[in-house]
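Let me begin by presenting the structure, written as structure tokens, before commenting on it.
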Amino acid sequence: EGSLSSSLVFQSQQGRSLASDNSNNHNDIVEGVMNLEKRGKLKYFTVNDDAADGTFSGYPIYLKENQKHVETVPHCVGENYQQDKSWMHRSCEFSFFCFDTATKDYVVFQSPEEDKMYKHVEVRPFLDISQSYLQQTKDKKNTVSLGGINLKWGMRNETGIPRLEWFPEIRRLGPGETLSYYELPPSVVMVPFHSMNAANPGHLVWDDFLPIYTLLTMFQLERRTDLLMMRYILKDGVRGLWASCDYTDEKKNDCKTMQRKFLPLMLGMDPVHKDMPTTEEFDFQVKQGTEPKSTLVCAAHGLAGMGALTDHGTRKLHGWEDADYETTQNHGRGGMLYEFRNFMLNNIAIPTEYQQKPPFRIVFSEQSSNIGHRNLDFTLQKQMIQESFNPSYVMVESYVFSRLTLYQQLDIASKTSIFITTCGGGAVTSMFMPRGSSVLMYYLEYGGVVAGRQTGKPARLDWDLFNNMAHLKVHWLPVGTMHEESDLRAFLFLIQHELDGLIREKSYDHFFN
């Protein structure tokens with residue numbers, strides 16, 4: 001029968017022979033990418049405004065003195081009537097939301113009128129006023145989860161998930177009392193969040209950025225908005241949650257590095273601050289020659305409550321355990337995931353649409369994980385494609401994406417037809433591919449883990465997210481047999497099938513134009 005690589009020669013829809021060697025000029029492509037960079041996201045405020053009374057984390061602030069009748073108007077959604085767990089599912093928008101630079105925490109102001117309702121709630125326990133009040137009862141706040149939930153943290157109050165239950169401090173102005181504060185531009189939305197593990201790009205984008213974007217869309221704040229995200233450092237005096245950004249000093253530095261690289265996805269190519277501010281480390285400056293007249297910095301809008309909005313939600317992990325496959329978090333979310341992709345691409349001035357045509361770009365993501373057994377050798381797969389497809393029809397490229405700039409990574413992905421990678425955080429780049437593209441995701445069919453012990457079962461990491469990303473066609477290939485002849489044949493047939501699909505889709509266009 002001959003060698004496998006020489007026996008599989010494919011024909012295109014037009015019957016052209018595609019067998020040839022490959023011409024890979026991706027170094028020239030990468031070198032020229034930076035010349036295409038633009039500013040990206042617009043800022044909806046005046047930068048370096050001389051009229052400002054200072055700055056807060058790069059945003060101008062304006063002193064408002066002796067203001068009367070100050071109150072926060074809340075809108076909280078997601079109540080599920082599970083007394084001890086509803087906080088994990090709740091999300092809130094606050095009209096008038098402040099950060100106190102002295103206490104290093106957030107503050108809201110309660111209307112005196114709210115107190116009048118609580119006495120009725122106490123005698124009518126089935127009366128639900130949670131959506132538009134700061135408290136459910138006189139003694140119970142509308143608490144939310146500061147960040148995404150990792151079930152590995154457990155439910156112990158002192159060390160686990162309950163540490164994320166939070167609500168801003170509630171203050172009240174007395175009769176005739178006034179408030180002075182520094183006001184942010186009306187476009188600025190303040191978002192406190194606890195990062196689950198920003199050192200991993202997948203966790204950063206899908207467990208931090210995706211919930212924040214979801215909050216924006218939930219409350220119709222995604223347009224003409226300037227985000228002021230602040231990573232919240234828990235104030236209980238206990239070591240940070242396992243694997244989170246405050247777990248170790250090394251993890252904190254890794255998070256800072258990754259956040260700096262990916263921050264433009266949310267703020268644009270020219271963000272007002274290069275590093276993500278935290279509730280402990282922020283930049284508060286008043287105009288030279290003046291003293292601060294308030295410790296409060298306030299925004300027209302604030303958002304909080306991310307627990308149920310990550311890619312895995314509140315009831316499962318990312319695909320390590322059998323139980324992770326029993327429920328679906330992202331079904332019906334495909335349209336929003338595509339809009340999230342476009343939101344990020346628009347922020348860094350990369351076109352969201354791409355006309356796919358020969359030569360179709362096939363990209364291999366090399367060394368996409370810092371875990372050794374997930375770093376695969378794609379040499380044989382690349383060689384077989386190069387020997388089976390004509391370079392005028394297929395262009396094969398290979399990158400270590402962690403070595404590229406953010407703009408380079410996304411520019412490549414946004415023009416790729418087939419992306420071949422290992423599952424895990426490094427696969428995040430593939431979500432920026434154009435509509436109709438395909439992802440070939442290699443996974444450990446024996447990589448399952450429960451309570452730290454290997455189960456020998458499949459670990460299709462982030463399956464729930466990728467299988468519901470409706471702008472992509474995602475296929476899962478086992479690692480254990482990836483170099484066996486049968487798997488290699490299936491791999492090539494799959495490549496041909498996905499390319500044929502792109503050709504067929506184009507061939508029908510003239511019927512509808």
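Please read all numbers here as calculations on a predicted model, not as lab measurements.
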What do the steps show when you test F466 against W206 for ring pair (Phe, Tyr, Trp, His ring centres under 6.0 Å), and what is the final call? CA-CA 11 Å; F466 278 105; W206 298 325; 5.5 Å; yes

Test F364 against F419 for ring pair (Phe, Tyr, Trp, His ring centres under 6.0 Å), laying out the working first. CA-CA 6 Å; F364 286 83; F419 193 93; 9.3 Å; no

Should F209 and F340 be marked as a ring pair (Phe, Tyr, Trp, His ring centres under 6.0 Å) after you check the CA-CA gap, both sets of side-chain angles, and the distance that decides it? CA-CA 9 Å; F209 289 175; F340 175 51; 7.8 Å; no

Can H194 and Y232 be said to form a ring pair (Phe, Tyr, Trp, His ring centres under 6.0 Å), step by step? CA-CA 5 Å; H194 175 273; Y232 194 98; 8.3 Å; no

Side chain to side chain contact (heavy atoms under 4.5 Å, CB included) between M230 and F99: does it pass, once the steps are laid out? CA-CA 10 Å; M230 293 182 69; F99 180 75; 4.0 Å; yes

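Outside the 6.0 Å centre-distance limit, the rings of Y62 and Y181 are not counted as a close aromatic pair. Between Y106 and F97, the distance from one ring center to the other falls under 6.0 angstrom. Proximity of the aromatic rings of F282 and F56 is defined here by a centroid distance below 6.0 angstrom, and this criterion is met.
I418 contributes atom CD1, which lies 7.5 Å from atom CE of M433 (distance to the nearest 0.5 angstrom). The CG atom of D207 sits 9.5 Å away from atom CG of L465, with the distance rounded to the nearest 0.5 Å. Atoms CG and CG, from N150 and L317 in turn, are 6.0 Å apart once rounded to the nearest 0.5 Å. Put simply, SG on C98 and CE on M190 are 7.5 Å apart, with the number rounded to the nearest 0.5 Å. In this structure, the separation between NE2 on H301 and CG on L216 is 11.0 Å, given to the nearest 0.5 Å. Interatomic distance, I350 CD1 to L345 CG, rounded to the nearest 0.5 Å: 5.5 Å.
A side-chain donor from one of E165 and T143 sits under 3.5 Å from a side-chain acceptor of the other. Counting only N and O atoms by type, the side chains of H89 and E79 include no donor and acceptor under 3.5 Å apart. No hydrogens or angles considered: a donor-acceptor pair under 3.5 Å links the side chains of S392 and N390. Residues Y354 and Q356 have side chains that never bring a donor and an acceptor to within less than 3.5 angstrom of each other. Donor-acceptor pairing under 3.5 Å is recorded for the side chains of S398 and E366.
Among residues at least two apart or in separate chains, there is no disulfide bond (SG atoms under 2.5 Å apart) pair with a member in residues 182-227. Applying the salt bridge (Lys or Arg N to Asp or Glu O under 4.0 Å) test to every pair with at least one member in residues 310-321, sequence neighbours left out, gives these pairs: K316-D464.
Ring geometry for F167 against F94 counts as perpendicular: the plane angle is over 60°, on a 0 to 90° scale with 30° as the lower cut.
The side chain to side chain contact (heavy atoms under 4.5 Å, CB included) check on V272 picks up K43, F45, Y59, with sequence neighbours excluded. Judged as a side-chain hydrogen bond (donor to acceptor under 3.5 Å, both in side chains), and not counting sequence neighbours, N80 has no contacts. Taking the side-chain hydrogen bond (donor to acceptor under 3.5 Å, both in side chains) definition, one finds that T295 meets it with D100, sequence neighbours left out. With sequence neighbours left out, V77 forms a side chain to side chain contact (heavy atoms under 4.5 Å, CB included) with H75, S91, Q131, M218, F219.
A donor-acceptor pair under 3.5 Å links the side-chain atoms of K235 to the main chain of K104, judged by distance alone. With T278 contributing its side chain and E280 its backbone, the two residues share a donor-acceptor pair below 3.5 Å. In this structure, the side chain of T248 engages the main chain of K251 through a donor-acceptor pair within 3.5 Å. Using modelled atom types, one side-chain atom of T279 and one backbone atom of I233 make a donor-acceptor pair closer than 3.5 Å. Checked by atom type and distance alone, the side chain of Q329 pairs as donor or acceptor with a backbone atom of A308 at under 3.5 Å. Between the side chain of H273 and the backbone N or O of D283 there is no donor-acceptor pair closer than 3.5 Å. Proximity of a side-chain donor or acceptor of T225 to a complementary backbone N or O of R223 within less than 3.5 Å is detected. With S437 contributing its side chain and T416 its backbone, the two residues share a donor-acceptor pair below 3.5 Å. A distance-only check finds a donor-acceptor pair linking the side chain of N142 to the backbone of Y133 [under 3.5 Å]. No side-chain donor-acceptor contact under 3.5 Å links S365 to the backbone of T421.
A salt bridge links K41 to D226: at least one charged side-chain nitrogen sits closer than 4.0 Å to a carboxylate oxygen. Between E397 and R361, at least one side-chain N (NZ, or NE/NH1/NH2) sits under 4.0 Å from a carboxylate O, which counts as a salt bridge.
Partner of W463 under the ring-ring contact (aromatic ring centres under 6.0 Å, His included) criterion, chosen from Y443, Y325, W476: Y325. Of the options I212, L146, L164, a side-chain contact (heavy atoms from CB on, under 4.5 Å) to M306 is made by I212 and by none of the others.
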